[in-house]
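Everything below concerns the one structure shown next.
For clarity, every value in this text was computed on a predicted model and none was experimentally measured. No hydrogens, no waters, no symmetry mates; every other heavy atom, side chains included, goes into these values. So you know, we letter chains A, B, ... as the sequences are listed, proteins then strands, and number each from 1.
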Amino acid sequence: MQDQGLDGQDSAILIETPTERGHGDLTSSFALKAARAARMAPRQLADRLKEWWPAVPAVAEVEVAGPGFVNFTLNTRWLAEVVNQVRIAPARYGESQVGAGRRVLLEFVSSNPTGPLVVVSGRAAAVGDSLARIMQAAGFSVDREFYVNDAGNQIATLGHALRLRLWQRSGRDVLTDWPDGVYPGDYVKAVAARFAAEHPERAPQTLTEADDGWLGQYAAESLRAEHEQVLARFGVTFDRWFSERSLREERLPEQIVERLAARGFIEERDGAKWFRSTAFGDDKDRVMVKSDGTYTYFVPDAAYHAGKFDRGYDWVIDLLGPDHHGYVRRLRAVVEALGYPPDSLDVMIVQLIRLLRGGEIVRMSKRGGNFVALEDLMDEAGVDATRYFFVERAPETPMDFDLDLAQMKSADNPVYYIQYAGARIHSLLRQWRASEPAEAPLNLDVLNHPAERALLVTLARFPDVVARAAGERAPQLLPRYLTDLAGEYHAFYRQHRILEAEPAVRQARLALSEAVLAVLTRGLACLGISQPEQM
RNA sequence: GCGCCCGUAGCUCAGUGGAUAGAGCGCUUGACUACGAAUCAAGAGGCCACAGGUUCAAGUCCUGUCGGGCGCACCA
């Protein structure tokens, strides 16, 4: 490098997986990038590079192609070692230490406890949970947290709704004059039924507006517990359910305003206290204490986020709904104003889902009481398919969810394609074990057909895919990878006999199949999706 | 008006500044007396919304235009 005047170019050496077959197993465009600095034609530089390339046993061949690409072909025998690596610890293959134990707090879902979980919460749940699993595999230390908005006006309003439903149970007509803005959804009836069973001593007739506060807290806790249950069924659990009410009881909102004031970012104007978020690129300052002396909803949130850093997390990731994106700038401003590293806060906006049924858009509105609950979706499509669909696309792009398609238990449904490959291998191994197997010594060198080689390369890529998905917070890379792996196995399977092959080849192909099954199972587990033994 | 997301095959979408832009579905044609045909193989199908710019190289980066989705508060 130095000989060629290429000091400081080291970081430009990037080895990547080629986009096309026939370009080697690995490729680098280094010569093209560095040609200018080397004052040499790219091809010439690539040729020199090839000459200097040390004799790495893993590399069988180095080839210069096109305008100056350097393509590497890996030694097949070396490559086949991946099968042994997987088999040594099938459940742990793919793990890495790129996270270096960095403490990550992942907050997601955080739905208001004023109604059932809707589908967009399901998307956040699937994305957040998968990301947590992926990051853990990549060596991060991840905590999952659900922030419960169990305080504020909405809780009193929820209490109001509960009171009306209790009145209704005692025969009173509440429907003809249902107040605007009070949650009209039927789910409050179920809460009322539970309340009546638990508190027979509270006659509904005696309840008044003065009771809405504690009724609301009862209802909020009831609905939160329901969220917890539904999410558990969805395969998602949290390390902590962080209550906004407890945060208020500890007077953290007051403290955050004081801390910001001490740093000179609070200003009084028009009888209100404003946070000078414009100092950090926000387009306007934000009210924290209203002119009537109460806090805006932003204050507890600011306190909550500052608290995350106070609790010692190195990296704070929020998954927020699309209705919060105007909110990101000011949250970041708080973090920066308090002197925490602004890069340590990452906010992902999980974009909206449009549900299609029979080609028509299903309109959802919590206020109108007309929505599709996550639970209904799980009943219709199953947990595996629902999770797969939610994680298949980049979280930050809006998606259409075709209810008819997700319900289809057919080849149209991509999750079955992956699971089918695994089920095939299970079946194969069952038959092998049932056949009084005659073991042959394992010699992986015989795995040299193109279909086998393709599988070896793909298996070897798995740890990198997991690491990249974690670093880029891109869980959608896994479904794509698993589809590739399953596809390559299906192709291999149609092309080659396994049990009927000669003993040495049979043994190697069985080992390869076991490794593929292990990675499919592990990869699906990263997404919270099962690998059935039979379908 | 401002901000965010998105315009790529008939449809749904991949694409890390690099080679001839890919996959699934749908369509056409083939493959089981065969370890699971929920599979495989082959084919047709593209002004990468448009216009400029940066670069040896742009679907990818920058600017603008057009089209679609969502959001703007001393509400939560």
Study note, to complete from the structure: Those residues at least two apart in sequence (or on a different chain) that pass salt bridge (charged side-chain N to carboxylate O under 4.0 Å, His left out) with A:Glu221 are A:Arg224
**Study point:** Whole-Å distance separating the CZ atom of A:Arg480 from the P atom of B:A23
**Key:** 12 Å
Practice item. Go ahead and name the base partner of B:U60; Watson-Crick or wobble counts if both distances stay under 3.5 Å, otherwise write none. Key: none
Check your understanding: Hey, do the aromatic rings of A:His449 and A:Phe492 have their centres closer than 6.0 Å?
Key -> no
Review point. Taking OP1 and OP2 of B:A38, is either one under 4.0 Å from a side-chain nitrogen or oxygen of A:Tyr420?
Key: yes
Practice item. Give A:Asp283 one of three labels, base, sugar-phosphate or nothing, depending on what nucleic acid heavy atoms sit under 4.0 Å from its own. Key: nothing
Point to revise | Base partner of B:A21, which must satisfy Watson-Crick or wobble distances under 3.5 Å | key: none
Review point. A:His160 and A:Tyr183: aromatic ring centres closer than 6.0 Å?
Key: no
Practice item. To the nearest Å, give me how far apart NZ (A:Lys284) and C1' (B:C72) are. Key: 7 Å
Practice item. Would you kindly compare A:His324 and A:Ile349 by the position of their nearest RNA chain B nucleotide and give the one closer to the 5′ end? Key: A:Ile349
Exercise for review: Under 4.0 Å between any heavy atoms, over every strand shown, what does A:Gln534 touch: base, sugar-phosphate, or nothing? Just pick one.
Suggested key: base
Review point. Taking only side-chain nitrogens and oxygens of A:Arg424, does any of them come within less than 4.0 Å of OP1 or OP2 of B:U39?
Key: no
Study note, to complete from the structure: If pairing means Watson-Crick or G-U wobble with both distances under 3.5 Å, then the partner of B:A14 is none
Study note, to complete from the structure: Using Watson-Crick geometry (N1-N3 plus N6-O4 or O6-N4) or G-U wobble (N1-O2, O6-N3), each under 3.5 Å, B:C48 is paired with none
Revision key, fill the gap. Judged by nearest nucleotide, the residue sitting upstream toward the 5' end of RNA chain B, A:Thr483 or A:Val70, is A:Val70
Check your understanding: Does the side chain of A:Tyr417 get closer than 4.0 angstrom to OP1 or OP2 of B:C40 through an N or O atom?
Key -> yes
Point to revise | Pairing partner (Watson-Crick or G-U wobble, both distances under 3.5 angstrom) of B:C27 | key: B:G43
Exercise for review: Mind calculating the distance between CZ (A:Arg123) and P (B:C70) to the nearest angstrom?
Suggested key: 15 Å
Exercise for review: Just call it for A:Trp432: base, sugar-phosphate, or nothing, with non-hydrogen atoms closer than 4.0 Å on any strand.
Suggested key: nothing
**Study point:** Within the 6.0 Å centroid threshold, strictly below: A:Phe146 and A:Phe242
**Key:** no
